[in-house]
Visitor: 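Got a structure here, written out as structure tokens. Questions coming.
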There are 2 protein chains.
Amino acid sequence: MESQKKKSGNKYDSSSALLQGVGLRPTKQRLALAGWLFDGCDKHVTAEHAYAAAAKRRSSISLATIYNTLNIFTTAGLLRQVVIDGGHIYFDTNTSAHHHLFDEKKRLLTDIPASAVRLARLPKLPSGTTLSRVDVVLRVQSRS
Amino acid sequence: MESQKKKSGNKYDSSSALLQGVGLRPTKQRLALAGWLFDGCDKHVTAEHAYAAAAKRRSSISLATIYNTLNIFTTAGLLRQVVIDGGHIYFDTNTSAHHHLFDEKKRLLTDIPASAVRLARLPKLPSGTTLSRVDVVLRVQSRS
DNA sequence: GTGTTTGCAAAGTGTTTGCAATTTA
DNA sequence: TAAATTGCAAACACTTTGCAAACAC
């Protein structure tokens, strides 16, 4: 069994291309994380989630590297940070404009497409400022 | 019916009444904090802000008590927590429905009246959940 | 080879907690 | 007096950082 097929479009190749596309070296740890994060399903992950996922996939990555990598991916524009509560930083694999729904009981964060919310009126901004973005968070309580 | 018997209505008295109204003992530390927090101007404070403000007003309160008290006030409904970034918990003296504007450069949080934002459409919620609230945060960048 | 990345442990930040002393009702 | 509150320091959870070894180009 000599080699990985060089079939184009497999996850390994596309992660590698993704990383190189933003100027990051495709190291083993980054490829493992990217392969999991960018598998086509939008995710909201904390460092602990990513750490656990890496461990489960038998590619153990130190927690420090997880943090570093998530931050590097964010700076590179591959992830976006979502602040929901004080305790954790969530990283969202969906970097396009959209909103969030947060289940306060289950602590579960899900996406809301931008089109599902219409902001019909916004206040004028203080002078000297430009709008960076508008975050809408629907907080829900799930009945137990 | 009882009417306002004392016209004095000074800050100390009203803070005391405020605390007793929600079943909290009006201790020196709580009165000092409440007198500053509920002076009529809406505020967004962190524990450090409150600590510094207390020190400046010569009523030194330990940081642990500041944290405890802010949390107790929040539970009592006198304050509301606002999550803006991972690093700090902001407590808002305005507990009625409204939104926020956050200057990412100055790290300054200000209120937006609920009426200044119109949410013309919201998605339907997952079944088994009820809307607890909708938070809208306008993030702005101030030019330097 | 040379510069980058990793991983460990240590440090840092913001918040909470255990508990004796103090204060309130 | 009994119960609640305070303040210190220690504990805490999460995140970042310093640096030697490992790795990518």
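By convention in this document, chain letters (A, B, ...) are assigned in the order of the sequence lines, proteins followed by strands, and residues within each chain are numbered from 1.
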Visitor: Would you check if A/His88 and A/His49 make a side-chain contact, meaning some heavy-atom pair closer than 4.5 Å?
Guide: no
Visitor: Tell me: CG of B/Leu24 to C1' of D/dT5, nearest whole Å?
Guide: 11 Å
Visitor: Looking at B/Leu108, B/Val137, B/Ile112, which hits side-chain contact (heavy atoms from CB on, under 4.5 Å) with B/Leu101?
Guide: B/Ile112
Visitor: Applying ring pair (Phe, Tyr, Trp, His ring centres under 6.0 Å), which residue pairs with at least one partner in residues 94-128 of chain B are found, sequence neighbours left out?
Guide: B/His44-B/His100, B/His98-B/His100
Visitor: State whether a side-chain donor-acceptor pair under 3.5 Å links A/Thr69 with A/Gln29.
Guide: no
Visitor: Determine the minimum heavy-atom distance between B/Val136 and A/Val136, stating which atoms define it.
Guide: CG2-CG2, 4.1 Å
Visitor: If I take atom OH in residue A/Tyr90 and atom P in nucleotide D/dT15, what distance separates them, rounded to the nearest angstrom?
Guide: 10 Å
Visitor: Considering heavy-atom distances to DNA chain C, does B/Glu48 or A/Thr27 have its closest nucleotide positioned more toward the 5' end?
Guide: A/Thr27
Visitor: Heavy-atom contacts under 4.0 Å between residues 64-78 of chain B and DNA chain C, which residues?
Guide: B/Ala64, B/Tyr67, B/Asn68, B/Asn71
Visitor: Do you know which two heavy atoms are closest between A/Ser62 and A/Tyr51, and how far apart they sit?
Guide: C-CE1, 4.1 Å
Visitor: Considering only nitrogen or oxygen atoms on both sides, find all protein atoms under 3.5 Å from nucleotides 1-4 of chain C and state each distance.
Guide:
unit_1	atom_1	unit_2	atom_2	d
C/dG3	N2	A/Arg25	NH1	3.4
C/dT4	O4'	A/Arg25	NH1	3.3

Visitor: Under 4.5 Å between any side-chain heavy atoms of A/Leu109 and A/Asp92, yes or no?
Guide: no
Visitor: Given a cutoff of under 4.5 Å between side-chain heavy atoms of I, L, V, M, F, W and Y, with clusters grown through shared members, what are the other residues clustered with A/Val83?
Guide: B/Val83
Visitor: Could you go through B/Asp39 and B/Arg57, starting from their C-alpha distance and side-chain angles, then the distance that decides it, and tell me whether this counts as salt bridge (charged side-chain N to carboxylate O under 4.0 Å, His left out)?
Guide: CA-CA 14 Å; B/Asp39 63 359; B/Arg57 290 157 58 94; over 6 Å; no
Visitor: At under 4.0 Å between heavy atoms, what does B/Ile89 touch on the DNA or RNA strands: base, sugar-phosphate, or nothing?
Guide: sugar-phosphate
Visitor: Please enumerate all residues that pass side chain to side chain donor-acceptor pair (under 3.5 Å) together with B/Thr129, with sequence neighbours excluded.
Guide: none
Visitor: Return the value, rounded to whole Å, for the distance between atom CG of A/Leu31 and atom C1' of D/dC23.
Guide: 13 Å
Visitor: Taking CG from A/Leu63 and C1' from C/dA9, how many angstroms apart are they, rounded to a whole number?
Guide: 12 Å
Visitor: Rounded to whole Å, please give me the gap between NZ in A/Lys28 and P in D/dA24.
Guide: 8 Å
Visitor: Mind listing the closest non-hydrogen atom pair of B/Pro26 and B/Gln20 along with its distance?
Guide: CG-NE2, 3.8 Å
Visitor: Any side-chain N or O of B/Gln29 under 4.0 Å from OP1/OP2 of C/dT23?
Guide: no
Visitor: Determine to 10° how strongly the helix from C/dG1-D/dC25 to C/dA25-D/dT1 is bent, judged from the axes of its five-pair ends.
Guide: 30°
Visitor: From the options C/dC8, D/dC25, D/dG7, select the nucleotide whose nearest atom is closest to the side chain of A/Gln20.
Guide: D/dC25
Visitor: To the nearest Å, give me how far apart OH (A/Tyr51) and P (D/dT15) are.
Guide: 14 Å
Visitor: Taking atom P of D/dC12 as reference, at what distance in whole Å does atom NE2 of A/His88 sit?
Guide: 17 Å
